[in-house]
Amino acid sequence: IAFGLTLAIAILVEGDVGTDTGSVVIFLIGVGIVAAVSIVIGILVGLGRIPFLRRRLERRMLEHTGARIIEPEERTELRNLLEGLAIASGVPMPRVAVIDDPAPNSFGVGTRPENTVIGVTSGLSERLSRRELEAVLAYEVSRIRSWDVALSSWPVALTGGAIAAIDGGDDSFLRAVLGFVPRRLGQWLQVWTLRDQGVRRDQVAVQFTRNPLALISALEKLDADRSQIRRVTRSTAPLWLEFPTGVLDTSS
């Protein structure tokens with residue numbers, strides 16, 4: 001599309017387009033054909049990239065947050081809690097990642113239950129009691145069982161590239177102009193696909209934990225805590241248990 005627009009502008013500047021109606025119509029048809037071909041090529045390229053988006057999303061999430069996949073012998077209490085919940089719910093044991101960050105929060109990422117990663121900040125483990133931590137982990141496991149993690153991950157995987165491209169620090173005018181619509185469209189798609197999930201997540205989690213008071217207490221602590229995740233991006237923000245509002249700009 002950028003190439004087609006550049007070509008059209010160049011033709012207009014050089015004055016190669018006639019002033020008669022026929023020439024203008026031919027010119028507009030040519031621009032439309034270039035735009036249509038660009039869209040078709042973009043769709044085909046996008047479809048070809050879909051199988052690689054999951055791995056890229058997981059890698060991007062770990063890199064952006066500084067999360068580290070722990071070994072079986074590490075953080076045994078955390079792993080034992082999560083393993084027991086996974087067995088009880090009948091889902092594969094997710095990989096566990098820890099993030100050195102005082103803000104209490106967690107995330108789930110994975111397009112299928114068998115390749116899910118549950119990330120937990122150090123602040124979550126330190127500020128919650130054992131029962132509250134178990135309730136939050138049960139919340140995340142319930143999202144795996146209901147495919148909610150996958151439903152959250154796919155929109156982020158499909159739109160994260162467009163959002164991250166503009167947020168990546170390149171301030172060139174052309175990049176900002178061409179990326180404005182894809183970025184806004186990506187944000188809208190994330191919001192649309194993830195709408196009303198909060199209520200369903202809470203309902204499923206309360207049913208699964210069988211300890212709603214512990215979950216309520218944990219969520220109240222997260223809500224009262226004003227600290228924000230230090231390393232987070234807008235492209236992956238919907239994957240967090242508590243949405244990191246610090247990534248929202250005033251123009252969103």
Side-chain angles (χ1 to χ4, degrees), residues 61-62 64-70 74-89 91 93-110 116-146 148-149 151-153 156 190-191 194-249 252:
M61 190 68 182
L62 296 177
H64 286 178
T65 61
R68 179 179 63 86
I69 302 292
I70 63 174
E74 299 181 81
R75 304 292 296 271
T76 54
E77 181 180 5
L78 177 63
R79 287 187 59 86
N80 289 341
L81 284 174
L82 195 55
E83 185 175 11
L85 292 167
I87 292 173
S89 63
V91 301
M93 171 64 180
R95 286 168 292 162
V96 186
V98 294
I99 307 104
D100 184 16
D101 195 300
N105 214 331
S106 65
F107 69 78
V109 59
T116 301
V117 175
I118 298 298
V120 177
T121 65
S122 56
L124 189 74
S125 300
E126 294 168 359
R127 301 192 185 191
L128 300 186
S129 67
R130 188 181 187 280
R131 295 181 66 186
E132 292 169 340
L133 178 60
E134 183 179 29
V136 170
L137 294 177
Y139 184 99
E140 295 289 3
V141 169
S142 70
R143 294 182 59 220
I144 298 174
R145 186 177 65 172
S146 64
D148 184 66
V149 170
L151 185 60
S152 301
S153 296
V156 173
Q190 285 186 351
V191 172
L194 302 178
R195 70 192 187 286
D196 300 329
Q197 281 197 26
V199 175
R200 291 198 298 271
R201 290 176 181 179
D202 291 344
Q203 292 172 343
V204 173
V206 168
Q207 293 173 357
F208 179 66
T209 60
R210 299 180 182 176
N211 191 355
L213 293 180
L215 179 61
I216 292 171
S217 176
L219 294 178
E220 287 177 344
K221 285 186 177 181
L222 265 64
D223 183 62
D225 190 279
R226 298 294 93 188
S227 57
Q228 292 282 332
I229 300 293
R230 291 192 299 257
R231 298 174 60 181
V232 65
T233 63
R234 175 61 185 85
S235 61
T236 57
L239 298 176
W240 290 91
L241 170 64
E242 183 180 34
F243 190 96
T245 56
V247 299
L248 297 176
D249 55 57
S252 296

Open item on the list: I'd like to check Glu134 versus Leu85 (side-chain heavy atoms, cut-off strictly below 4.5 Å). Are they in contact?
Closed with: yes
TODO: Report the distance from atom CG of Asn105 to atom CD1 of Ile229, rounding to the nearest 0.5 Å.
DONE: 4.5 Å
Open item on the list: Just verifying a value: how many Å separate Arg230 CZ and Asp101 CG, rounded to the nearest 0.5 Å?
Closed with: 4.5 Å
Open item on the list: So, using side chain to side chain donor-acceptor pair (under 3.5 Å) as the criterion, who are the partners of Ser122 when residues are at least two apart?
Closed with: none
Task: Non-hydrogen atoms of Phe107 and Glu140 that approach each other most closely - done: N-OE2, 3.9 Å
Open item on the list: Checking Asn80 now: which residues fulfil side chain to side chain contact (heavy atoms under 4.5 Å, CB included) with it, not counting sequence neighbours?
Closed with: Thr76, Glu83
Open item on the list: List the residues meeting salt bridge (Lys or Arg N to Asp or Glu O under 4.0 Å) with Arg130, not counting sequence neighbours, and say none if there are none.
Closed with: Glu77
Open item on the list: Checking Glu220 now: which residues fulfil salt bridge (Lys or Arg N to Asp or Glu O under 4.0 Å) with it, not counting sequence neighbours?
Closed with: none
- [ ] Check whether any side-chain heavy atom of Glu242 lies under 4.5 Å from a side-chain heavy atom of Ser106, and answer yes or no.
- [x] no
Open item on the list: Using the rule given for side-chain hydrogen bond (donor to acceptor under 3.5 Å, both in side chains), can you reason through Ser217 versus Arg131, listing the C-alpha separation, both sets of side-chain angles and the distance that settles it, and then say yes or no?
Closed with: CA-CA 10 Å; Ser217 176; Arg131 295 181 66 186; over 6 Å; no
Open item on the list: My understanding is that only residues two or more places apart in sequence, or in another chain, count here; which of them pass salt bridge (Lys or Arg N to Asp or Glu O under 4.0 Å) with Glu126?
Closed with: none
Open item on the list: With heavy-atom distances below 4.5 Å as the criterion, would you say the side chains of Leu82 and Pro94 are in contact?
Closed with: yes
TODO: For Trp240 and Thr65, run side-chain contact (heavy atoms from CB on, under 4.5 Å): C-alpha distance rounded to whole Å, both residues' side-chain angles, the deciding distance at 0.1 Å, then the answer.
DONE: CA-CA 11 Å; Trp240 290 91; Thr65 61; 3.5 Å; yes
- [ ] Dump the intermediate steps for side-chain contact (heavy atoms from CB on, under 4.5 Å) on Val120 and Ser125, then the final yes or no.
- [x] CA-CA 8 Å; Val120 177; Ser125 300; 3.8 Å; yes
Task: Minimum heavy-atom distance between Ala97 and Leu62, given as atom pair plus value - done: CB-CD2, 4.2 Å
Task: Close side-chain approach of Val141 and Val91, heavy atoms under 4.5 Å - done: yes
TODO: Can you sort out the partners of Arg68 under salt bridge (Lys or Arg N to Asp or Glu O under 4.0 Å), two or more places apart, ordered by chain and number?
DONE: Glu74
Open item on the list: Is it true that Thr116 and Arg143 share a donor-acceptor pair across their side chains at a distance under 3.5 Å?
Closed with: no
Open item on the list: Please determine whether side-chain contact (heavy atoms from CB on, under 4.5 Å) holds for the pair Lys221 and Leu128, giving the CA-CA distance in whole Å, both sets of side-chain angles, and the decisive distance to 0.1 Å.
Closed with: CA-CA 8 Å; Lys221 285 186 177 181; Leu128 300 186; 3.7 Å; yes
Open item on the list: So, taking the atom named CE in Met93 and the one named CZ in Arg95, what distance separates them when rounded to the nearest 0.5 Å?
Closed with: 11.0 Å
Task: Close side-chain approach of Ile144 to Ile118, heavy-atom, < 4.5 Å - done: yes
TODO: Find out whether Leu241 and Leu222 are in side-chain contact, i.e. whether some heavy atom of one side chain is under 4.5 Å from a heavy atom of the other.
DONE: yes
- [ ] For Leu137 and Leu78, run side-chain contact (heavy atoms from CB on, under 4.5 Å): C-alpha distance rounded to whole Å, both residues' side-chain angles, the deciding distance at 0.1 Å, then the answer.
- [x] CA-CA 9 Å; Leu137 294 177; Leu78 177 63; 3.7 Å; yes
